[in-house]
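Everything below concerns the one structure shown next.
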Amino acid sequence: MNIVKTSIGRRSFIKRSTMASGGVILTFNWLVSCDMTPSKIKALPKEWFKINGFLKIAENGLITIMSPNPEIGQNVKTSMPMIVAEELDANWEDVIVEQAPLNTSIFKRQVAGGSQSIRQGWESLRMAGAAARYMLVEAAALTWGVNQNEISVSNGKIFHKSSGNESGFGPIASIASEIKIPKQVKLKKVSEFKIIGTSKKNVDGKKIVTGKPLYGIDYKSENMLIAMIVHPPAFGMKFKSMEATEIKKMPGIKDIFPIKTVSEDYVKQGVDTDSFNEIAVIVGESTWQVMQAKKKLKVNWMMSAEKTEKVKGWSGDIKTFLIPAGLESSEQHNQLMISMDHKKARVVRQDGNPRAVFKRAAKIIERTYTCPYLAHNTLEPMNFFADVTDDRAILVGPIQTPESMEKTVANRLNLPLEKIDIQMTRMGGGFGRRLYGHFVTEAAVISKKMKRPIKLIYTREDDMTQGSYRPTYRATYRAALDKNNNLIAFHVKAGGIPESPLAANRFPAGAIEHYLAESWEIKSNISTGAFRAPRSNFIAGAEQAFLDEIAEISEKDPIQFRIDLLKKAKESPVGQNNDYDPSRYAGVLELVREKSGWENSSDGVHRGVSAYFCHNSYVANVLDVVLENGNPIIDKVYCAVDCGIVVNPDAAKNLSEGGLIDGIGHALYSSMTFKNGKPEQNNFDTYRLIRHSEAPRKIQVDFVENDIAPTGLGEPTFPPIVGALANSLYRATGRRTYNQPFITDKPIIG
Amino acid sequence: MAKFKLKVNSKSLEVDVDPTTPVLWVIRDHLNLLGTKFGCGIAQCGACTIHMNGAAVRSCVLPVSSVGDSELTTIEGLSENADHPVQKAWLEHDVPQCGYCQAGQIMSATALLKANNNPSDEEIDSYMNGNICRCGTYTRIKAAIKTASKNKI
């Protein structure tokens, strides 16, 4: 066992001096009304005993474990409590899961983002379970008058062998809750895990398939009104005026007014940057009535001037951003990005003397890759409930960054932080879109103005044309080969609007003696944001397609070619700060080679490979395309993942499958374009998402087995599959694709 | 505004709404059945799928005035306790990720299996193509439909 000091999470274990009964203190009042009782336990408990901030135990043995982080479909609501239950030695059948309230003094990082929930929660979740287990053992030792070292715990039962004493958790929970919290706890060895590493069903599964109200859009309260917004039709425009007198007379309409989401001098946080600041609002009794008024409302817009925005970054530094004026178009973007090919860019990494080596190369391969803007399109459109009075605000809904938004809302409403109560609902998708909570502030401002509880709902069109898009990127790769086709120098120059997709110290940096990476950016007033595996979601596909071409031209096997480069990075790494472990990188390639039977592929199956490291996890793919009536069909995807210990294997497979399908779908079909500042796609009739018939027929996900602390899985399977797809399409069709979406394979010109 | 008598999940219910109101908003706002989801409002994503006389329809574009005596079934009407064979198959395969589209997926799958209790892969693809899953659970949905079809609903 490992002994871990509990000091890091000390505040998490501060007990209340009085017993919390009936779950009052920890209750998430709305969701708890849903049936959460495990089917095997018939009777509802009479009393709950709070053991620490993460869990409470009832007199009948039921255990409530708080799931700290927002649930966006990554299944943390099941996997995080599993980690607590493991160290507690609970019987999973006895566990009820509740969404925790927002309280970062107990739960630390309550964010859904960066694939970090499990990685960063790992230690505190284990300590919470282990500390509770210690207290139960102490309580049993006191009760039985025996030495605690002679007591064992297994599967929800406490035993003392020599006296024959045995108890469930329930009968001693009240004594356990009075035990002093340990200063140190013993954590299990990986080999002792009984719950972690076994597949547990989604704790919300039954509620999802029976249509229970779980999502923000389902939230209702007494006296609640519905609010919708009208935002400018184009980026580069802003609110001027509106004529609402007649529309206000429409049935059910309560009021129509403009609001400002943030005050002019506000220093924004990194997570509330992306919104039109002044919007028109319609409030009414029912959704359809408000939708009807919204269609008829005539708002006058005007051009925005160039402006600067102050934004406070994650590290607290304040950056100033220039937001240009003007109505931008995709065609103009494309020309601007092409013009960067011949302009100087920032050198972000240089090893050796790449310029000189390129000059003496026997062969130079140069290829350019592009991708368009993408909209997140969470299937649940943006929405939030707000009930704001003069002295407090209650906000309920889907948000990936509740703690940050609490600060923003407090600032905007001029209320103390402790008067803002943000409650987390299950989210109908996140993908990064709900990191940016302008809709939370909008809901709060609307409720304050109306002096009523309101639920703000975006239509699909509002949602898709609001911004926060995945940026558009362009990357040019060059490889220098000597006369024996050895790769002797590598150059990547990449940029985008408004950011570069490059990560300077990622593979193949570190594996090539002469290496140059350059970045450029172009400013824009089209708002962008993190989209599942930001930057990696483009650059991985480009890089992995380029490596495939080098391997082909060098007449090397594409898997062995990558493994050889990684061997070089391991044995004699080039340069500093290489941010990957070459052995684990090669490990996933070796696993996917074995699982896919790479050496013995069958006739008519066209295979492409790729591998990538991002968000602390390693993924390699083999994608098989078959031709049916001349059409390429994705027959099977093999996916090898190294994310350390896998907490909930079947759910991890599900999430990996989702990342693969998401990556394939966006690379093949999706694109957001602009004309005169206006998004040219605004709903699923014009914006194409992957559908049933286009998904791979089979997906096989295999995990590298190791004892490394777990890392993220929400994002890492998305980026590399784009490369495997491009490479297999080439083998099937004889034609390489360089521009996403592959279905059109041309730079987006709108 | 006008009064409509609706048969929803085998119950007779009366609402007083604008006749153009889509059934989606009648059931969500007025009947408080929140399992049926709003996704696009133009019958492109399938999140709002319900049954009208047993056939799958997109409730976001179905005006309440056009329903008449038809029997409407929502996800809440499929079973009280997740014991409909399609729901059971969904749980067996642990299909949902975010879960938002799944009520619509289940309603489409149930209508498909009612019409064809042993669909081929191609028939599943073709029938289910109107239901988007943004999380990418398509392969699990197909597996769940096949499991449910073996149970011969």
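What you see below is based on every heavy atom in this structure, not just the backbone, and it leaves out hydrogens, waters and symmetry mates. We name chains A, B, ... by the order of the sequence lines, and we start the count at 1 in each one.
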What part of [X] gets closer than 4.5 Å to chain A, counting heavy atoms only: side chain, backbone, both or neither?
| X | result |
| --- | --- |
| B:Ile132 | both |
| B:Gln102 | side chain |
| B:Val95 | backbone |

Does B:Asp125 come within less than 4.0 Å of A:Arg697, counting only side-chain N to carboxylate O? no
Compare all side-chain heavy atoms of [X] with those of [Y] and state whether any distance is below 4.5 angstrom.
| X | Y | result |
| --- | --- | --- |
| A:Arg460 | B:Ile42 | no |
| A:Trp288 | B:Asp29 | no |
| B:Phe38 | A:Pro381 | yes |
| B:Thr21 | A:Gln289 | no |
| B:Thr139 | A:Lys698 | no |
| B:His84 | A:Val209 | no |

What is the ring orientation for A:His692 with B:Tyr138, classed by angle as parallel under 30°, tilted 30 to 60°, or perpendicular over 60°? tilted
Any side-chain to backbone donor/acceptor pair from A:Asn75 onto B:Gln97? Under 3.5 Å, distance only. no
Taking A:Lys201 for its side chain and B:Leu91 for its backbone only, find out whether a donor-acceptor pair lies under 3.5 Å. yes
Between A:Ile699, A:Leu655, A:Ile208, A:Thr459, which shows the greatest number of heavy-atom pairs under 4.5 Å with chain B? A:Ile208
What's the separation between atom NZ in A:Lys212 and atom CG in B:Leu34, rounded to the nearest 0.5 Å? 11.5 Å
So CZ of A:Phe684 and CZ of B:Arg134: to nearest 0.5 Å the spacing works out to 8.5 Å
